[in-house]
Structure formats: C-alpha cells, structure tokens
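Numbers for residues simply follow the sequence, beginning at 1. Only heavy atoms go into these numbers, but all of them, side chains included; no hydrogens, no water, no symmetry mates.
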Amino acid sequence: MKKYIERLAWGTDAGFYRLIPQEVLHPATEQDVLDIIARAHKEKKHITFRAAGTSLSGQAISDSLLVVCGKKWEQYTVHNEGKSITLQPGIVGQRVNEILKPYGKYFTPDPASLKSAMVGGIVMNNASGMCCGTHANSYRALKSVRIILPDGTLLDTGDEKNRAAFVMSHQKFIRKIEELRDKTRKNASLMERIRRKYSIKNVTGLTILPFAEYDDPFDIIAHLMVGSEGTLAFLSSITMTTGDICGYSSSALLLFPTTKSACEAIIEMKTTGMLSAAEFFDRKAMQTVEKDFPELQGLPEDAGAVLIRTDASTQEELDKKNEVLQKVLNTYKLCQEAQFTSDPVLTGKYWAMRSGIFPAVGGTREVGTTCLIEDIAFPVEHLAEATLALQQLFKEHNYPEAVIYGHALEGNYHFILNQRFDSPQAIEQYDHMMRAVVDLVVDQYDGSLKAEHGTGRNMAPFVRREWGDDAYELMCEVKQLFDPNNIMNPGVIFNEDPASYLQHIKPLPEVHQMIDRCIECGFCEVNCVSCGFALSSRQRIVVQRELARLHASAQAGNKADASLEKQLKKQFAKIGRDLCAGDGLCSTSCPLKINVGEYIHIVRE
C-alpha cells in the first residue's frame, strides 16, 4: 500500500508517537516475509512488524516498511489436551482463551488490552497485566518459537531437524550465544543484577535473563524473543504452556482513607500469598470512573482504592483465603467495610473499570492535548514511600491532574498525563518531568522504567542509565549478532538520541465532539466489520484528524498541505465513508462508547 491514506491509517498505533511509513505490506506467508526481508536489504530500508497496534510506546510505527501481520496470521494448534498451544502472531489474546476454555485452560499473559491485543504484540512486548506478574508471563509460558532471522533464515527451536540444520549453517551464531552465556555467568555482579532486576516486572531493554537461566543456546534464542519488540527477528509462531482455570474466585473493592495505608495493606496482603491480583487507584484515577461507582464518591482527597482478587480450586479454599485476607484488613481503617463477592456481574464491572481506566482518563483530556501513559515498577517493599514520592513529583512539575494506578501487587504503576506539545515551554516541562521520573525510579529505588509496555521509543534513551554498562553492552552484542545491519525496528530499545522521546509526537486536533475523546487505543477494531477490508473505526478517526490538521495548515497558506488535504478527502470517500457499515458495533468494545458509525452518518450527510 502506497496511498497516503493507507500509510497514515496503518501507521498509527495506540501510542503517542506517529510516523508515516513509506509503504504498508500485508504478508500472508513466511515466504512473503522472507521476500520482504530480502527487499529491505537490497533497498537499504528497515522493517517494523505490527499486529493489532495496541502498543503504547511507539514500537509499532515506522517511517520505512511497516509489515502488518494480523488477520492473515490467526492459525493455532492445541496440544496435549490444552496443556500447550501453538499460535501465530495475529490471533487476539481473548480468542486464545475462548479456544482453551473447553480444556479448562487459559492463556496466562493478561494485559488489560487482552480483548484487542494480538499474540505477536503480547509476546514481543512481554505484555503482562493484573495476575500473571513475573511467574506466568510470556517469558515463563514460552516453550519454543518459529522465527525468521534478518539474514533470511527460518529457525524453529521446537523442531529437532531444523535445530540440527541451524547448527550446521550458523556455527558462529551458536558459538556467540554460548560465549555470551558463559561471559555473563562469569560476571558475578552482572548475574546478581540480572536476578534482582527481574525479580520485579521489567521489560526495559532486551530480555537478558535467558543467559542466566538457560544452558541450551536454542532455549536462550527462543527466550530472547520475548520483549524484543521486533528488533531481533520476526515471530512466525510460538508454542506456549497454559494455565489451569480456577473454578472459584472472589473480588473486593477496598477503600482506604490514605494512599499510604492502601499501599501498606497491599504489602502485608502480598506476604500472605493469598492474592491473585491487587490493583491500586489513586484519588484522581477514582474520579474518572466514580460516576458508575457511587462508593467512590466523597472520599478523602488522599484516599486510595485497592481492587483485589483471590482464586481457588474449591469454595472451601476460597473461603479460607478470604478469611486470612480479612484478618489483615481488620488491622487497617477502611472507608467502608470490606466485602468479598463472587457475583460475576459485580466482579465483571469492577475489572472492566480497571481495564478502562486509561481510555477513560484519555477521554477527559482537553482537546489539543496528548494522552501519555508510562509504566514503571518499584521493589514492592518500597511501594508506599515510592508512591508518595511519585505523587509529590507530579505536584512539583505542575501536573496536578496526573493519574496513578496499576498492578500494585507487583509494584507496577501506570501514570497518565494529558500533555500539550504546542510550545517550547510545554515540551520543556514534559522533559523535566520525565527526567525527574528517571531519577526517582533508577537512582532512588533502582526500579524499572518499563514494567510491561515494552521499552519503545520513549524509554530507549534511558536503557543504559537503568541497567548500567555491562548489561547494556550485552544487549548491544545480542542486537549486533541477530541484526548486524540494523534493519529491524531501529530507534526502538536502542536509540542513542537523548531527545528521541520528545520527537514525532502524534497530533490530536479537534474534529467533532463525537470522536474528539478517542485516544486511538484500537479496542474498537475487534468489532469493526470493515477492519482489514476498508478502514477500521479507529483508522477513520485517524484520517479525520489528519484532514483537520491539513485544513488548518492549508488555511494558513501551506499549498502542499492544501493539495494533500484534497487528495486525502478523495481517498477517504470510498474506503472511509462509503464502506463503513454504520452499525455502531465499534462502540460496544470502546471503553468510551464512541460510535464511529454514527459519526460517519454525519459525514455522509
């Protein structure tokens, strides 16, 4: 695809960066991917692979060749009564759970975007969520991978014949993996750092944990793929172990008068080993959803909410776990009595609230601001003091509306800002704030600058800062081994430009009140009947925003943008306007209930 409308539409993901690819390609087979890689070498272009485009940190955008592996990559094979499953990268995470449910199994990685995110993105970003933590994420679930290397070699680490052939054809490659493994293990300080850094959620940089945990070079290669964000190879398929569905579960929404007491309770409840999940919400986060939850209204300004979940195999086991947790909670002052519930309607509402926080906050932003989300992690024992320090940081840098929430059981927080980038002063404010966050997370608590969203473009300049020279150099050696010509997703994970996180910010101009709240998360696309055939609901909004931007530029006298606006309008008429079903199904999976079909009716009028 070379038309501007298609390059624009497919080149936009859920993050706050935007690049326009030179071309968008939709391979259907491994041979197609091999041909694209050969072409990239010949034409000296680079490649970015994309699945659902729910990535939040700029991993799925490109100014060169964007390769979309979604709807044509949805094959799967269930093994051993559901104990493991082989998946292509384009299958949606929630669909995997539907496939596994009859076997009593489930897909263990659980990002909040599971209903929209695809396996390729989940694995390659090591995306996790509320329950899988570090014990059941993609890294832990992985058995083997089928990948295409930048040199055009297809490697299946689960196939003995393929492995044997690879040993013969890539002897130096295998020796280098073994050399890096042995060198890492001889470096006692590096080994200690690797083990400690991965004891909490951490996806900053390449995943170098395999060098500490695996002896077999093929196991190391396979696990290096997790969290590599398309910088090392193309993931054609992956075989993963599954988890057992627990038959009994309960949840409770706990309301504490202070953030400090909420965090202290989480730390104490974690020591019991009874919790499957504990999600923290600061007062600002609660305010974005309190209209649907009366119990959140009227709480103290410093209040903290904690949504917990407990799972068990029997009702008796569940009751015992809840009793243990209740004893802990009895030592704390709560704004209302703790109530454990197994009501699927109520628990579903609670967890839907948690999954929808990011879009809900983004939907409240002022028109013209960009919704930014970051995810960091602190050692859990420092959770209370680190949370208060983070809140103070936002006050000092004049972000009074910043929202903090996330997977507190793992010390993993997200924070959301609605930021302007329309002046040097606004950019400087954001720069100072981000550097302060780096100082806090890295220097004060030695935590993770990226816990589950992937390094991306926004934290790439700080990878060395977090990890130190030895670990960063190991990552660079891995990158050089796999991709010596740097054709795989440059600028992501490895970026020596110290200001790269301030560049290529996505414009979000005002268009129409029906769609202005959209943050382009892509959750709507699973229910958009024209997605992949014409434009999707998200892509229609993307194009309408670009038309608004071009129109303003044209009105200011930019003749090139005036010409591009005319061209884009013409291209939108068919695949954007005429081919929209207009049924509004997109709104059923949109956290903000934005009805693009209804908006297109207005465009048609």
Side-chain angles (χ1 to χ4, degrees), residues 4-5 8-9 11-20 53 56 61 288 356 358-373 399-403 416-427 429-430 502-525 528 535-558 560-573 576-577 580 582 584 586-587 590-605:
Y4 181 67
I5 189 170
L8 168 73
T12 302
D13 69 1
F16 49 89
Y17 298 103
R18 189 177 82 179
L19 293 172
I20 307 299
L56 293 166
I61 60 174
T288 66
F358 173 45
V361 175
T364 64
R365 76 186 192 285
E366 291 183 22
V367 176
T369 61
T370 298
C371 185
L372 309 176
I373 182 170
Y399 287 94
E401 301 305 316
V403 167
I416 307 175
L417 313 168
N418 292 325
Q419 171 76 42
R420 290 190 179 275
F421 289 95
D422 54 1
S423 70
Q425 293 78 17
I427 294 173
Q429 178 196 15
Y430 177 69
L502 302 172
Q503 301 164 9
H504 309 296
I505 303 297
K506 180 193 295 182
L508 295 173
E510 183 175 3
V511 178
H512 189 281
Q513 61 181 3
M514 291 184 66
I515 61 172
D516 284 338
R517 294 181 302 143
C518 174
I519 59 168
E520 300 176 7
C521 65
F523 287 10
C524 59
E525 290 182 337
C528 174
L535 294 185
S536 72
S537 41
R538 168 171 58 171
Q539 291 171 339
R540 289 183 170 90
I541 293 176
V542 168
V543 175
Q544 288 294 296
R545 284 175 166 164
E546 178 67 353
L547 283 169
R549 186 192 71 81
L550 291 172
H551 183 72
S553 179
Q555 291 293 98
N558 188 318
D561 280 352
S563 175
L564 189 55
E565 179 193 7
K566 184 177 179 181
Q567 172 190 332
L568 192 58
K569 275 186 177 180
K570 184 178 179 181
Q571 293 172 348
F572 185 79
R577 183 193 67 196
C580 176
C586 51
S587 67
C590 171
L592 301 175
K593 305 304 178 187
I594 295 172
N595 191 325
V596 181
E598 188 176 347
Y599 170 71
I600 292 298
H601 288 310
I602 294 173
V603 173
R604 288 168 178 168
E605 291 169 5

Under the side-chain hydrogen bond (donor to acceptor under 3.5 Å, both in side chains) test, which residues partner Glu366, sequence neighbours left out? Arg420

What residue pairs, at least two apart or across chains, pass salt bridge (charged side-chain N to carboxylate O under 4.0 Å, His left out) with a residue in residues 506-518? Lys506-Glu520

Which pairs, with at least one residue in residues 596-605 and sequence neighbours excluded, count as a side chain to side chain donor-acceptor pair (under 3.5 Å)? Gln544-Tyr599

Which is it for Cys524 and Val596 under the side-chain contact (heavy atoms from CB on, under 4.5 Å) test, yes or no, and what are the steps along the way? CA-CA 9 Å; Cys524 59; Val596 181; 5.7 Å; no

What distance separates Asn595 CG from Cys590 SG, expressed to the nearest 0.5 Å? 9.5 Å

Report yes if some heavy atom in the side chain of Phe16 is under 4.5 Å from a heavy atom in the side chain of Gln419; otherwise report no. no

State whether the side chain of Arg540 and the backbone N or O of Ile600 hold a donor-acceptor pair below 3.5 Å, judged by distance alone. no

Using the test salt bridge (Lys or Arg N to Asp or Glu O under 4.0 Å), find all partners of Arg577 that sit at least two apart in sequence or belong to another chain. none

Partners of Glu565 by side-chain hydrogen bond (donor to acceptor under 3.5 Å, both in side chains), sequence neighbours excluded? His551

Can you confirm whether Asn418 sits close enough to Glu401 that some side-chain heavy atom of one is under 4.5 Å from a side-chain heavy atom of the other? no

A side-chain contact here means heavy atoms from C-beta on lying under 4.5 Å apart; do Cys586 and Ile594 qualify? no

Do the non-hydrogen side-chain atoms of Leu508 and Arg365 ever get within less than 4.5 Å of each other? yes

Nearest 0.5 Å, please: how far is CD1 in Ile515 from OG in Ser537? 11.0 Å

Straight-line distance of Cys528 SG to Phe523 CZ, nearest 0.5 Å: 15.5 Å

Residue list, salt bridge (Lys or Arg N to Asp or Glu O under 4.0 Å) with Lys566, at least two apart or on another chain: none

Once you round to the nearest 0.5 Å, how far does CD1 of Ile5 lie from CD of Gln567? 9.5 Å

Basic-acidic side-chain contact under 4.0 Å: Glu546, Lys569: no

Is a side-chain donor-acceptor pair under 3.5 Å present for Ser553 with Asp561? yes

Where the side chain of Gln539 meets the backbone of Ser536, is there a donor-acceptor pair that is under 3.5 Å apart? yes

Inter-residue atom distance Cys521.SG - Arg538.CZ, 0.5 Å rounding: 7.5 Å

When Arg545 is tested against each of Thr12, Leu550, Val511, Leu8 for side-chain contact (heavy atoms from CB on, under 4.5 Å), which residue passes? Val511

Which atom pair, heavy atoms only, marks the closest approach of Pro509 to Val367? C-CG1, 4.4 Å

Heavy-atom check, side chain of Phe421 versus side chain of Leu372, under 4.5 Å: yes

Distance-minimising heavy-atom pair for Gly576 and Leu535: CA-CD1, 3.8 Å

So how far is it from Leu417 CG to Thr369 OG1, rounded to the nearest 0.5 Å? 10.5 Å

Please give me the minimum heavy-atom distance between Met514 and Ile602, naming the atom from each residue. SD-CD1, 3.3 Å

